[in-house]
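Chain letters run A, B, ... following the sequence lines, proteins first, then strands; residues in each count from 1.
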Number of protein chains: 4
Amino acid sequence: MIDDDVQATIARVREDVARLHGELVRYGLVVWTGGNVSGRVPGTDLFVIKPSGVSYDDLDAANMILCDLDGNVVPGTPGSERAPSSDTAAHAYVYRHMPEVGGVVHTHSTYAVAWAARGEEIPCVITAMADEFGGPIPVGPFAIIGDDSIGRGIVQTLQGHRSRAVLMQNHGPFTIGRDAKDAVKAAVMLEDVARTVHLSREGGLLRPIPQQAVDSLYDRYQNVYGQAADTRRDA
Amino acid sequence: MIDDDVQATIARVREDVARLHGELVRYGLVVWTGGNVSGRVPGTDLFVIKPSGVSYDDLDAANMILCDLDGNVVPGTPGSERAPSSDTAAHAYVYRHMPEVGGVVHTHSTYAVAWAARGEEIPCVITAMADEFGGPIPVGPFAIIGDDSIGRGIVQTLQGHRSRAVLMQNHGPFTIGRDAKDAVKAAVMLEDVARTVHLSREGGLLRPIPQQAVDSLYDRYQNVYGQAADTRRDA
Amino acid sequence: MIDDDVQATIARVREDVARLHGELVRYGLVVWTGGNVSGRVPGTDLFVIKPSGVSYDDLDAANMILCDLDGNVVPGTPGSERAPSSDTAAHAYVYRHMPEVGGVVHTHSTYAVAWAARGEEIPCVITAMADEFGGPIPVGPFAIIGDDSIGRGIVQTLQGHRSRAVLMQNHGPFTIGRDAKDAVKAAVMLEDVARTVHLSREGGLLRPIPQQAVDSLYDRYQNVYGQAADTRRDA
Amino acid sequence: MIDDDVQATIARVREDVARLHGELVRYGLVVWTGGNVSGRVPGTDLFVIKPSGVSYDDLDAANMILCDLDGNVVPGTPGSERAPSSDTAAHAYVYRHMPEVGGVVHTHSTYAVAWAARGEEIPCVITAMADEFGGPIPVGPFAIIGDDSIGRGIVQTLQGHRSRAVLMQNHGPFTIGRDAKDAVKAAVMLEDVARTVHLSREGGLLRPIPQQAVDSLYDRYQNVYGQAADTRRDA
């Protein structure tokens, strides 16, 4: 049996995860029913994720799906009659192996996938990228759906890395964060830098940012500007 | 005389086809009055298509046009006072020759036409494209309006092909599906992959996906994830 | 004194011209207060044009400005306390020298200006472009504001040309039509083909459309599909 | 103590600055909480700026922040419980050193940043750019947050320059204006020309505008078309 506090927490995460899917639409990161956001339920071994194949117009707290950390739907909970996102196994793997992660996002956003289809990391040539990701966006291995290889590729690439975003080769981006909102922010910022650096390089030679400046920007953004609720600076 | 059940089915297809035109606008696949969606009326030799030259703001079930499989407007039915889409003959040809097809969509979506104006197929370098189309998007012949050559080009290219989309050379994409919604989904996904692969290739060498992985992804997407109503996986 | 019929016609053109500016916004052809639509008042030597420097949010029939064919504001009419668009002289020149023209549109739409800044005509490699423009989009001379040179450049380029659109070098597109709506349609379609052909050529060699096919498409579009009110085919 | 007239002026600037942030969203110049607008309070040594880390959906006059020209928040005023934009020091530096400036805008708009990441000025090949900026858009030095180096770089680049926009290398654009609205207009027009010239150059050789024509266009736009409230021409 799940006690009242946990129920309230689950309800809050359901609301957050449902609402945050709207940000993927607002920023043009998804088409049709593609893409998914999940959020860990703090203090439990559970997370909430989007159902499979439901239109973004129809997502709400009640049809989000509650899963355990093996990616199994918790029976008898709201939404449990539907299948969860087909990427649920990858989200679950991340939650099992990265306890500090509270949110995961996957999209096929255009420019991020364009880098992924070449298997090329995004170089850090913009100060906002140094702030947010602390350096280049790394590429993860080619892995296809059906076992743990996607989840494992995400974790192996991001563990110990400054970046909260990975470009899975020929597939697309996964981002992580301290909660679902933070992972969505990373997905939005990732597409923004993927697009900007792509366009910049089309026009000629990029100017690298000295490593010392990258370190200084990242350090300041993560620490000096940190406040109680938001540990990262916002403009 | 058409019996009540058929009338109800026609009414439903009219609603679906009218509403689905809104998805072409939402995803930016059409401008002005360009583009068109049609849907076969199940159990009959009829289909419903958009009228010619009516603003997307003004489309509704009542002004959709009912045609027979030769593309003739059924007299005395709602909307029959207007001319149907100028691409009606091509839709009709597809319905006559591909009985498994329940929906057809035509647009001049930007990136798909950009490939079509070079007469170049879109290579399969994204896993989502392997899922959805099972390989590259093929090019159909150059054919101009006025006889059956457009319809014939579509059918000859797509018959027996995994792809539900064809790029008619110098013209633009046609997509097919088990119903109108499925054909619209294919039109949306096509433009998404046409844009992403275009941009990726601008930046350098694409990484091909091994044929075995393409086959495995396509097979899984079409079968393993299949459910009662939706035979294709959604994220 | 202007009689009642003419007053009613002026009122209708004011409504049309005000409303049609919304299409420039909808299709992303303008930013801030840039761009302008005008419409001739049939049966008179007058036309209606946008005021200068008014936000698109605030345009309505009452603040459109009535001008004579020399571009002078008709005193005492609604909106006459404001200055008309700074491009009024160019519109007036077109109306004086091309009596068949009933509408003129000017924008700085992105892709059309991109071709104009190279002084390069847009080649006809898309069937929709053959339908709508009957061949390539021509370039007009470099001309700066302040005398009749812009208007003269437009007329010299478009007179006797199939295209209803001209790219004024280093400046941007002007389009004409039988009325304001038709000129707006031309502006929308122009940007669409400017974008598509730009992107297509980025990816490699364009396939030309044989001249005979261009002629056949243009002829059919302008004639066969002609109906009472709309002399051009719509999809 | 601040007298009633000044209070009314502050209230008006708060309204303007809050509302003008909506234009950054409308024109796609910002994502998430990035970007900021500020406006000087005329007749005082104060300016109003956006708070840090508040969603664009939630910005209103009451949560804008009042600062002195050293960038210190004025205690006890509405919004003063929050931190101001992390770019406040750069805005303050501009107001201290350029008394004619009444508004400052900073964004990471895509195409402007693409030029900035190469440290390349935008050449003046469009008449609208000659009108608005009087020549190329200059690049400012690489400078990171934390001292006066960003503000100093903006002022050193723009002082005595026709352009109201500077591309800070590897960072992004800052624009100035006679008030906040004028600086926002400059930010919107900058992104427009950054995008158009980028795309134009992708397609081949740009045609330069003769310097004499640039001078003539700029002079006319700034003077001949000037009116009481708006000293710059609008289309």
Count the heavy-atom pairs under 4.5 Å between each of [options] and chain C, then report the option with the highest count.
options	value
D/Glu191, D/Met189, D/Arg26	D/Arg26
D/Asp192, D/Val184, D/Thr196	D/Thr196
D/Ile126, D/Leu199, D/Ile209, D/Val188	D/Leu199

For C/Trp32 versus D/Tyr27, what's the shortest heavy-atom pair and its separation? N-OH, 2.8 Å
Please report the closest heavy-atom contact between C/Ala117 and D/Val125, naming both atoms and the distance. CB-O, 3.9 Å
Give, as side chain, backbone, both or neither, the part of C/His171 having an atom under 4.5 angstrom from any heavy atom of chain D. both
Are D/Ser216 and C/Ile144 side-chain neighbours, meaning at least one heavy-atom pair lies under 4.5 Å? yes
D/Arg207 and C/Glu120: side-chain contact (heavy atoms from CB on, under 4.5 Å), yes or no, with the steps? CA-CA 10 Å; D/Arg207 287 187 182 251; C/Glu120 186 180 6; over 6 Å; no
Where the side chain of C/Asn170 meets the backbone of D/Thr127, is there a donor-acceptor pair that is under 3.5 Å apart? no
Is the backbone of D/Leu206 close enough, under 3.5 Å, to the side chain of C/Arg118 for a donor and an acceptor to pair up by distance? no
Take atom CD of D/Gln212 as the centre, draw a 6.0 Å sphere, and report whether it contains more than 12 heavy atoms from other residues, nucleotides or ligands. no
Interatomic distance, C/Ser55 atom OG to D/Glu23 atom CD [nearest 0.5 angstrom]: 7.0 Å
